[in-house]
Protein chains: 2
Amino acid sequence: MITLTERQSLILKAIVRDYTEGGNPVGSKSLVQELPIKVSSATIRNEMAHLEALGLIVKTHLSSGRIPSIKGYRYYVDHILKPEKVDSKDLKVIQHSLGGEFHKIDEIVAQSADILSQLTSYTTFTLRPELKHSRLSGFRLVPLGNHQVMAILVTNNGDVENQTFTIPNDLTGDELEPVVRFIDDQLIGLPLQDVLAKLQQEIPLKLSHYLQNPDGFLDIFGSVLSKAASERFYVGGKLNLFDYTTKQNPQEMRSLYSLLDQTDNLANVIGTPGQHIQVRIGNEITNDLLKDYSLITATYDVDQHGQGIIAVLGPTAMPYSRTIGLMGAFQRELARKLLEYYRYFDE
Amino acid sequence: MITLTERQSLILKAIVRDYTEGGNPVGSKSLVQELPIKVSSATIRNEMAHLEALGLIVKTHLSSGRIPSIKGYRYYVDHILKPEKVDSKDLKVIQHSLGGEFHKIDEIVAQSADILSQLTSYTTFTLRPELKHSRLSGFRLVPLGNHQVMAILVTNNGDVENQTFTIPNDLTGDELEPVVRFIDDQLIGLPLQDVLAKLQQEIPLKLSHYLQNPDGFLDIFGSVLSKAASERFYVGGKLNLFDYTTKQNPQEMRSLYSLLDQTDNLANVIGTPGQHIQVRIGNEITNDLLKDYSLITATYDVDQHGQGIIAVLGPTAMPYSRTIGLMGAFQRELARKLLEYYRYFDE
DNA sequence: TTTAGCACTTAACTTAATGGAGTGCTAACA
DNA sequence: TGTTAGCACTCCATTAAGTTAAGTGCTAAA
């Protein structure tokens, strides 16, 4: 366990600030002018040597200024940083962007990713509150004429998922009616997860009483259901990657960009709802492509409707204080907006 | 009007081929070995000087080999190039990828963009057959409970567009029923364009006979309608841009990438259905961001269902012959698949 | 414990030197 | 008249050497 003196802490803090703002290694002379204490550059050099011995800062070459190491950022984040109070202008942006009328939870969550990326200039990820709290509240099959049927699934949270199918010739709309009634009787009110489980087991058997060949229908229902039950991250500010990337090589950029496009895979990187706010720096992220970046994840809480995630990906040299401040504001505002949205359907 | 001798034409062709394959300026000595005619390097130098005087090839510096100029590519494309016959393996890939079952035209068109980008390693754009040939064939409002209504619009081509709305408290599902009947009576069978036009003019007036306050409904109907009537390009192989880009600067990459993301703006760049196949090279493209690239657009024809577009964006130094060959195959296969799809709804 | 002073190190930039690929031109040749 | 060998010339790319500025560690004195 590392403990720093007041002065060492001030120096580390100044190095982190200078480096994240200017991008250049920080030398002892420039620190003399900035520090609120009066010491010579030689003294600061001595302290810096100490911080380096502890592994908190490193040189880029033998006679260069210092930059924070991963461990240094870690110490800074854990012991020094105070989240910055959100600028009232920024808060207004957040509130205004969430103030409009939304018809879907996903719209709110996607919008949040966009606004947060705009405010931070980084790349952001948002996940809606976990679906394990969603229950099936309705299922319809709407014949559209011309061999087409639309399947619609509704949850108690107001989520609507739909998909259009071309019906095989041996399956008419009329035949499907009793099946819909079967679903209504047996499955309405159950959590989506349970429905999904039953779909693998008892439903096919029971359904065969109603329908000669249930496969076609099961495909349709299963497909809409799994769409409704799938958790996916929304990504905002993908283009910002071009601004803060450390990669020169277009090939590496491609791999990175491609990672952000695989929204279904992001849970592996970002994780699941958990700690209030978690900062992962450099190789603390379990993905080699991101080992030069920092990832901040925050869980937000919408009471009995479960928890969701917002996350920011940026350079290791980022203004953590400001970023974390903004994320705190988003946690609150997003939770508030979603609660308001859910309340509409709880009536 | 430029006319080249047989030998000059051979030399230009060889320079284009060498440069697009190797990426290096081509010198007279290397050409000696490749050309099917027996002449010395000095002779070739003389001919090259002539081609340069015509503006077909240029030097990168005073004593360098030559590369084709825009004008040179132009001449090559217009007078020398023969579309390459599509490899049977590639043709199988195309046919297989379009062979599956699709539930939407947009799926077919989007899939085409992906496959073409895969085969060319470039970025591709596809546009479905023009919507002016689509007619409104059905409109539904499905109440989903809990203040929600789904509006569904169907066209004679089997296109289905839908959107979910939260209904204002002063608008109940029952009230909407006569309105749907009004739509069915008055608008079914009309081209979407006409419906859109009427929506601006006579409909609001007529509707006020049925409904106290038609604004809410008009918003809903207009919103779904304009979704259905909007033409947008599908983009495939955006990531390939990283491979063939000439930009080093991340900022320029960002602008370029951002252009490709604005799918509603692409018509300005790519144009509307027209010529069979059009090749635009370098600054012939009316967009400064693309002035170092080539854009090949091809119109495909689906009989009475109208025309669509496929396009490929790549480096100016691209194997035009192969690319154009592939696009020709796509024109045929895509038109065939769409015809088959449409036929299903014409029954 | 702090500080002034100094020798030392390194990146980044500039300048010079060298080799190779390719050209244009001239004069001879078929 | 078209073709070719020969040669001087140009420019890029690479390497080598020199210079400057920023910053360090260490020593010795306050």
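Since we're looking at a predicted model, the values are computed, not measured. Sequence lines set the chain letters: A, B, ... in the order given, protein chains first and strands last, and positions in each chain run from 1.
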Could you please spell out the steps behind the side-chain hydrogen bond (donor to acceptor under 3.5 Å, both in side chains) verdict for T43(A) and S40(A)? CA-CA 5 Å; T43(A) 306; S40(A) 73; 3.2 Å; yes
Worksheet item: How bent is the helix from dT1(C)-dA30(D) to dA30(C)-dT1(D), comparing axes over its five end pairs at each side, to the nearest 10°?
Response: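 End-to-end axis angle: 20°.
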Exercise answer: donor-acceptor pairs, residues 319-332 of chain A side-chain atoms, under 3.5 Å, sequence neighbours excluded:
from	atom 1	to	atom 2	distance (Å)
Y320(A)	OH	S294(A)	OG	2.7
Y320(A)	OH	T316(A)	O	2.5
S321(A)	OG	K82(A)	O	2.9
S321(A)	OG	E84(A)	N	3.3
R322(A)	NH1	D90(A)	OD2	3.0
R322(A)	NH2	L119(A)	O	2.7
T323(A)	OG1	P319(A)	O	3.0
Q331(A)	NE2	H276(A)	O	3.3
Q331(A)	NE2	T299(A)	O	2.8
R332(A)	NH1	G328(A)	O	3.4

List, one per line, each side-chain donor-acceptor pair under 3.5 Å for residues 47-59 of chain B, sequence neighbours excluded.
from	atom 1	to	atom 2	distance (Å)
E47(B)	OE1	Q8(B)	NE2	3.1
E47(B)	OE2	R7(B)	NE	2.8
E47(B)	OE2	R7(B)	NH2	2.9
H50(B)	ND1	Q8(B)	NE2	2.6
E52(B)	OE1	R66(B)	NE	3.1
E52(B)	OE1	R66(B)	NH2	2.7
K59(B)	NZ	L62(B)	O	3.4

Whole-Å distance between [N] [atom2] and [X] [atom1]?
| X | N | atom1 | atom2 | answer |
| --- | --- | --- | --- | --- |
| I67(B) | dG22(C) | CD1 | P | 14 Å |
| K38(B) | dA5(D) | NZ | C1' | 18 Å |
| L31(B) | dT3(D) | CG | C1' | 17 Å |

| query | Counting distance only, does the side-chain N/O of R45(B) pair as donor-acceptor with the main-chain N or O of G27(B) below 3.5 Å? | reply |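 No.
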Using the ring of each side chain (for Trp, its six-membered ring), is Y244(A) parallel, tilted or perpendicular to Y293(A), with breaks at 30° and 60°?
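Y244(A) and Y293(A): perpendicular rings.
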Name the orientation class of the two ring planes belonging to Y257(B) and Y257(A) (parallel below 30°, tilted from 30 to 60°, perpendicular beyond 60°).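 Judged by the thresholds at 30° and 60°, the geometry between Y257(B) and Y257(A) is tilted.
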(Q) Tell me the closest heavy-atom pair linking D114(A) and G236(A), and the distance in Å. (A)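 In this case the closest contact between D114(A) and G236(A) is OD1-CA, 3.7 Å.
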Looking only at non-hydrogen atoms, find the nearest pair between L12(B) and G72(B) and report the distance.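 L12(B) and G72(B) have their closest heavy atoms at CD2-O, 4.2 Å.
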Item to check | Counterpart residues, side chain to side chain donor-acceptor pair (under 3.5 Å), relative to Y122(B) (two or more places apart) | outcome: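 If we apply the side chain to side chain donor-acceptor pair (under 3.5 Å) test to Y122(B), skipping adjacent residues, there are no hits.
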*For DNA chain D, which residues in residues 41-64 of chain B have a heavy atom at a distance below 4.0 Å?*
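Within this stretch, A42(B), T43(B), R45(B), N46(B), H61(B), L62(B), S63(B) sit under 4.0 Å of the strand.
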Check each residue of residues 3-26 of chain A for a non-hydrogen atom within less than 4.0 Å of any atom in DNA chain C, then write out the ones that pass by number, or none.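 Hits under 4.0 Å, by residue number: R7(A).
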Under 3.5 Å side-chain donor-acceptor pair for N249(A) and R254(A) |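 No.
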